[in-house]
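Per chain, numbering begins at 1; letters A, B, ... match sequence-line order.
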There are 2 protein chains.
Amino acid sequence: METLHELMAETCRILAHPARIRILHLLASGPCEVGTIALALGVSQPNASQHLAVLRGAGLVEAGRDGREVFYRLSDPGVLDACDAMAAVMRRRLARIADLSARLAGDAEPRGGGPADGRGPGAPLPRSA
Amino acid sequence: METLHELMAETCRILAHPARIRILHLLASGPCEVGTIALALGVSQPNASQHLAVLRGAGLVEAGRDGREVFYRLSDPGVLDACDAMAAVMRRRLARIADLSARLAGDAEPRGGGPADGRGPGAPLPRSA
DNA sequence: TCGATGGATGCGCACGTGCGCATGAGTGGC
DNA sequence: GCCACTCATGCGCACGTGCGCATCCATCGA
């Protein structure tokens, strides 16, 4: 963990889990307690606490006490911008897949239904592309 | 892999490796062959090929043949925006750590040298914060 | 047709990560 | 002082991932 790329990869790794993404979006609308977060995510309390610990270790969220409860909040709302950028990449990727799928369905219709998962169209380089 | 958050997390997971980040930045300046990429990254050819396969599976890069060589190129340059957003989050995090470290060094100077790694200052909630 | 080169794939191992579970630590109410 | 509640932590297991290594496939030149 020393180069720029390693730090960027580490930041990505923190976000590489649906539960943590959901936590960030949940905290986007205001601070929240651990129990509420666990309930909203449908996970166990220790599990939510672990994910929160990861996010806190990365400095993406901050914690504070309010009586017996511990509330978490975003320490850098800008992380949502990163999520949006990631979602944009994902949407464009899905759009390309859908487009490719439609194009294939136009040429011939050998497939049952699924719009492939991105691995199909990007096969193993069948011929000089 | 069905909800929006799961797709976003998957996209993040693809970027959660320094080598893949470096590959994307390398391809930002134009298409490149596998051997060149492996050499630039200082990794073995099979290793580079595997990372490229991951990126291709995610639809972030595309491959094509040019004689015996296979060149890869970015299929969506917008992924660099996502990297930038991630880097921005990371920079702000480092800035907060540096600021906190400097603040601690101002109060007292119990530490030898390292500006902590973000886990120190975010200790286990010592008291009502 | 054969050898050489560039790339992809299969295999095995080591490591990290996520989760459930039980338990410990901190706080407020009685 | 004791109990109830909320959250954090330690432990063990299952799984995924990254890597080196050897090997196979595709293409080009002789």
Side-chain angles (χ1 to χ4, degrees), chain A residues 1 5-6 9-23 26-27 31-58 61-73 119 122-129, chain B residues 1 5-6 9-23 26-27 31-58 61-73 119 122-129:
Chain A
M1 193 195 317
H5 295 120
E6 285 171 347
E10 189 199 1
T11 304
C12 286
R13 192 174 51 78
I14 301 297
L15 301 181
H17 198 288
R20 294 197 280 267
I21 300 265
R22 295 185 64 188
I23 287 175
L26 194 63
L27 296 182
C32 204
E33 315 91 51
V34 177
T36 307
I37 293 174
L39 200 64
L41 266 63
V43 300
S44 68
Q45 176 269 319
N47 192 3
S49 188
Q50 279 194 332
H51 285 302
L52 285 167
V54 171
L55 290 170
R56 191 181 50 187
V61 302
E62 295 173 347
R65 295 202 86 103
D66 180 22
R68 271 183 298 194
E69 297 172 342
V70 176
F71 60 89
Y72 282 82
R73 62 176 180 279
R119 279 73 174 181
L125 275 184
R127 203 49 70 175
S128 293
Chain B
M1 192 195 318
H5 294 121
E6 285 171 348
E10 188 199 2
T11 304
C12 286
R13 192 175 51 78
I14 300 298
L15 300 180
H17 198 287
R20 294 198 280 267
I21 300 266
R22 293 184 65 188
I23 287 176
L26 194 63
L27 296 182
C32 204
E33 313 92 50
V34 176
T36 307
I37 292 173
L39 200 64
L41 266 62
V43 302
S44 68
Q45 175 268 319
N47 193 3
S49 187
Q50 280 194 332
H51 284 302
L52 286 167
V54 172
L55 290 170
R56 190 181 49 185
V61 303
E62 294 173 347
R65 293 203 90 101
D66 180 21
R68 271 182 298 194
E69 298 172 345
V70 176
F71 60 89
Y72 282 81
R73 63 177 180 277
R119 278 73 177 179
L125 275 185
R127 201 50 69 174
S128 294

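Residue B/Ser49 has its side chain nearest to C/dT9 when only C/dT17, C/dT9, D/dG20 are considered. Checked against C/dG26, D/dA8, C/dC19, the side chain of A/Gln45 finds its nearest nucleotide in D/dA8. In this structure, of D/dT9, C/dG18, C/dA8, it is C/dG18 that holds the atom nearest to the side chain of A/His17. Side chain of A/Arg68, nearest nucleotide from C/dT5, C/dG28, C/dA8: C/dG28. Comparing D/dC7, C/dG7, D/dC21 by their closest approach to the side chain of A/Glu33 singles out D/dC7.
Whole-Å rounding puts the A/Phe71 CZ to C/dG26 P distance at 19 Å. Atom-to-atom, CG of B/Leu55 to P of D/dT17 comes out at 14 Å; the value is rounded to the nearest Å. Note: CD (A/Glu62) to P (D/dC7) measures 18 Å, nearest angstrom. Atom P of nucleotide D/dA8 and atom CG of A/Leu52 are separated by 7 Å, given to the nearest angstrom. To the nearest angstrom, C1' of C/dG18 lies 16 Å from CZ of A/Arg22. A/Leu39 places its CG atom 15 Å from the C1' atom of D/dC7, with the value rounded to the nearest Å. Atom-to-atom, CD of B/Glu69 to P of C/dA8 comes out at 12 Å; the value is rounded to the nearest Å. For A/Arg13 and D/dT17, the CZ to C1' distance is 12 Å, given to the nearest whole Å.
With rounding to the nearest 0.5 Å, the separation of CG in B/Leu52 from CD in B/Glu33 is 11.5 Å. Between the CD1 atom of A/Ile23 and the NE2 atom of B/His5 there is a distance of 11.0 Å, given to the nearest 0.5 Å.
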**Prompt:** Should A/Asn47 and A/Leu41 be marked as a side-chain contact (heavy atoms from CB on, under 4.5 Å) after you check the CA-CA gap, both sets of side-chain angles, and the distance that decides it?
**Reply:** CA-CA 10 Å; A/Asn47 192 3; A/Leu41 266 63; over 6 Å; no

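A/Gln50 places none of its side-chain heavy atoms less than 4.5 Å from the side chain of A/Pro46. Using a 4.5 Å heavy-atom cutoff, the side chains of A/Leu27 and A/Leu55 are not in contact.
Place A/Gln50 and B/Ala48 on DNA chain C by their nearest nucleotides, and B/Ala48 ends up nearer the 5' end. With DNA chain C read from its 5' end, the first of the two nearest nucleotides for A/Ala16 and A/Pro46 is the one closest to A/Ala16.
Listed pair B/Arg20 / D/dG18 meets the phosphate criterion, a side-chain N or O lying under 4.0 Å from OP1 or OP2. Distances shown here put every side-chain N or O of A/Arg65 at or beyond 4.0 Å from the OP1 or OP2 atom of D/dT6. Note on A/Tyr72: every side-chain N or O is 4.0 Å or more away from OP1 and OP2 of D/dT6. Residue B/His51 has a polar side-chain atom (N or O) positioned under 4.0 Å from OP1 or OP2 of D/dC19. A sub-4.0 Å separation between OP1 or OP2 of C/dG20 and a side-chain N or O of A/Asn47 is present.
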